[in-house]
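Everything numeric here is computed off the predicted structure, so don't read it as measured data.
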Amino acid sequence: MVGALESDQSFAMAEKFDILSEGFDPTAVAPEPLPLPVTNGTGADQEEENLKKTKVVINGGGEREMVLGRNVHTTSLAVTEPESNDEFTGDKEAYMASVLARYRKTLVERTKYHLGYPYNLDFDYGALGQLQHFSINNLGDPFIESNYGVHSRPFEVGVLDWFARLWEIERDDYWGYITNCGTEGNLHGILVGREVFPDGILYASSESHYSVFKAARMYRMECEKVDTLISGEIDCDDFRRKLLANKDKPAILNVNIGTTVKGAVDDLDLVIKTLEECGFSHDRFYIHCDGALFGLMMPFVKRAPKVTFNKPIGSVSVSGHKFVGCPMPCGVQITRMKHIKVLSNNVEYLASRDATIMGSRNGHAPLFLWYTLNRKGYKGFQKEVQKCLRNAHYLKDRLREAGISAMLNELSSTVVFERPKEEEFVRRWQLACQGDIAHVVVMPSVTVEKLDHFLKDLVEHRLVWYEDGSKPPCLVKDVGINNCICPAHK
């Protein structure tokens, strides 16, 4: 009876729904598969409206106004369908070639005025062009091959071994992978800490990268934001107070090896000492070191405190597209093998292990990193670090000679100075700003000639900005009284 009932139901369904009509043609396509693009009517007369102002919360609970960038929808490049005869006329190919040629010209021009973000634009990877025709994917664990054969794991592990030696951890004691960016390194490092200490509290200075607080939100972690010194370095006195108020819970700490805005380096040794003095044994805290930019520069600075796994740290991450100079965002994350075991799972579909944030991973990035590390080596990076620090001091001194408040932390190539009064100037030089300050990050691709050009442009514009008798902002609260040379503190 059950079989008969099912048969009757199937027959009834077939009569009710004609799934494939007799005239169905599986090779036919719709003449217009895509709708026409939607336009919002924004024109040049609305350009000023594209620079929207909004409010941002600052430390201490107040608010200040910030300017958002232009709405890219007003300049986006539409994707259009080729004409039916395009394969004969070649009009579409010619159009796309012209668009790309104009875009390349724009990139060349904008690169000339790049100063505010920590990207090394001095690179040549022509030798790797022959590999751009392959879909290289390092999905899964770097140390365990998957069934997908088009990968670059031998290059990736070679790069990881290089960084393991730099940070003094044995091959059998570490685990790591090449990430898609510095943020992923922070997300992974903090996730490992959370898995080691599920009830732990995340501590991070208020000047930590925004990805650290993003991690706290994503993982639903209790987070304590720690005050900073005027340099941007973590205030260990405030850190101590917050630790003592939460002695019953393990500590997960983000240590900055170069803060985002001021390039400040947290004192790792003092942080560890503070933890120990507050009664936290080494099995009750986890330290992640965010070395996005300076993590690769500090090992080559003589007086710099050492970041090493010989100290009780849990993980270190750096960016590959910053000081190293990869043409695409990427990074390196290294942690202890004993920690990664709490995070990893075997995946039969991959025939590998899953312990990374992302599934598919860019297999081209390890090639670029491997190529650069081999070309430059330790000595090459040491020369570039010295050049960056020397040029950063040059810029700081020239700014102060021009009567402009400026600060440079001892171990940094990030020069902090008064924010330019005109947003167009900020966008022209691609400066990163926060409140009343802006900064220039002196990278290997930044020459003295480029700095001189910037200084000349800035000084000339300041004469116009303040010709009405108005005064430059006081930066005592941002850079300290020794670095502020506003009219009140000359």
Side-chain angles (χ1 to χ4, degrees), residues 118-120 122-125 127-128 131 136 138 140-145 151-182 184-186 188-189 192 257-258 288-302 304-311 313-337 339-340 355-356 361-388 443-444:
Y119 308 134
N120 181 6
D122 183 16
F123 53 77
D124 181 4
Y125 292 105
L128 300 182
L131 304 176
I136 308 176
N138 288 3
D141 192 300
F143 301 94
I144 303 174
E145 284 194 2
H151 63 80
S152 61
R153 278 181 174 80
F155 296 90
E156 181 172 16
V157 174
V159 170
L160 295 173
D161 283 346
W162 189 91
F163 279 95
R165 290 194 299 274
L166 186 70
W167 295 322
E168 299 181 325
I169 184 169
E170 295 296 323
R171 290 176 61 175
D172 294 338
D173 293 334
Y174 90 87
W175 184 92
Y177 74 107
I178 293 179
T179 62
N180 290 304
C181 60
E184 187 180 349
N186 287 341
H188 191 275
V192 173
I257 314 301
H288 170 68
C289 298
D290 176 11
L293 172 59
F294 296 112
L296 189 50
M297 296 177 68
M298 275 185 49
F300 305 104
V301 180
K302 287 183 179 179
K306 210 169 188 181
V307 177
T308 168
F309 279 91
N310 289 328
K311 298 176 182 179
I313 63 174
S315 53
V316 186
S317 64
V318 297
S319 294
H321 56 289
K322 292 180 180 173
F323 187 74
V324 177
C326 274
M328 78 275 288
C330 61
V332 173
Q333 160 74 352
I334 299 283
T335 187
R336 297 182 187 273
M337 179 65 78
H339 292 328
I340 203 63
T356 60
R361 295 187 297 106
N362 185 347
H364 290 275
L367 299 172
F368 286 93
L369 289 170
W370 178 89
Y371 186 80
T372 298
L373 295 179
N374 273 285
R375 284 193 67 187
K376 295 182 179 179
Y378 290 95
K379 290 185 178 178
F381 285 120
Q382 187 174 42
K383 288 180 181 178
E384 291 194 336
V385 169
Q386 291 170 349
K387 173 189 172 185
C388 291
M443 300 299 289

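- Considering only heavy atoms from C-beta on, C330 comes within 4.5 Å of L369 through its side chain.
- For the atom pair I136 CD1 and R153 CZ, the distance stands at 12.0 Å (nearest 0.5 Å).
- Between I257 and V316, every side-chain heavy-atom pair lies at or beyond the 4.5 Å cut-off.
- Applying the side chain to side chain donor-acceptor pair (under 3.5 Å) definition to pairs two or more places apart or across chains, those involving residues 371-380 are Y125-T372, K376-E384.
- Looking at heavy atoms from C-beta onward, N138 lies out of side-chain contact with Y177 at the 4.5 angstrom threshold.
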Next item on the list: Check the pair I313 / W167 against side chain to side chain contact (heavy atoms under 4.5 Å, CB included), numbers first and verdict last.
Entry: CA-CA 11 Å; I313 63 174; W167 295 322; over 6 Å; no

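- Counted within 6.0 Å of CZ on R171, heavy atoms from surrounding residues, nucleotides or ligands total 12 or fewer; the atom is thus considered open.
- A pairwise comparison of heavy atoms in H364 and L131 identifies CE1-O, 3.1 Å as the closest pair.
- Remark: the backbone N or O of K306 is paired with a side-chain donor or acceptor of K311 at under 3.5 angstrom.
- Taking every heavy atom of both residues into account, G182 and S319 meet most closely at CA-OG, 3.5 Å.
- At least one side-chain heavy atom of F323 sits under 4.5 Å from a side-chain heavy atom of P444.
- Annotation: the span from M297 atom CE to Q386 atom CD amounts to 10.5 Å, rounded to 0.5 Å.
- The shortest heavy-atom contact between F123 and G325 is CD2-O, 3.2 Å.
- In this structure, the separation between CZ on F163 and CG on D161 is 11.5 Å, given to the nearest 0.5 Å.
- Residues G176 and L160 approach most closely at O-CD1, 3.4 Å, considering heavy atoms.
- Remark: side-chain polar atoms of T335 are paired, donor with acceptor, to backbone N or O of G314 under 3.5 angstrom.
- Heavy-atom minimum distance, D122 versus N120: N-OD1, 3.0 Å.
- Side-chain contact check for P142 versus W175: some heavy-atom pair is nearer than 4.5 Å.
- Here the side chains of V159 and E156 are not in contact, with every heavy-atom distance at 4.5 Å or above.
- Residues M443 and Y119 form no side-chain contact, since every pair of their non-hydrogen atoms from C-beta on lies 4.5 Å or further apart.
- Partner S315 forms a side chain to side chain donor-acceptor pair (under 3.5 Å) with one of H288, H188, R336 and no other, that one being H288.
- Annotation: side chain of S317 is not in contact with side chain of T179 (no heavy-atom distance under 4.5 Å).
- Distance CE/M337 to CD/E170: 12.5 Å, rounded to 0.5 Å.
- Between M328 and A365 the shortest heavy-atom distance is SD-CA, 4.1 Å.
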Next on the checklist: Under the criterion side chain to side chain contact (heavy atoms under 4.5 Å, CB included), I'd like the reasoning laid out for F309 against I334: C-alpha separation, chi angles, the key distance, then a yes or no.
Outcome noted: CA-CA 10 Å; F309 279 91; I334 299 283; 3.8 Å; yes

Verify side chain to side chain contact (heavy atoms under 4.5 Å, CB included) between E184 and Q333, making sure each step is shown before the conclusion.
CA-CA 9 Å; E184 187 180 349; Q333 160 74 352; over 6 Å; no

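- In D124, the CG atom is not crowded: 12 or fewer heavy atoms of neighbouring residues, nucleotides or ligands sit closer than 6.0 Å.
- With values rounded to the nearest 0.5 angstrom, S152 atom OG is found 8.0 Å from N362 atom CG.
- Remark: R361 CZ to T356 OG1 distance equals 5.5 Å, nearest 0.5 Å.
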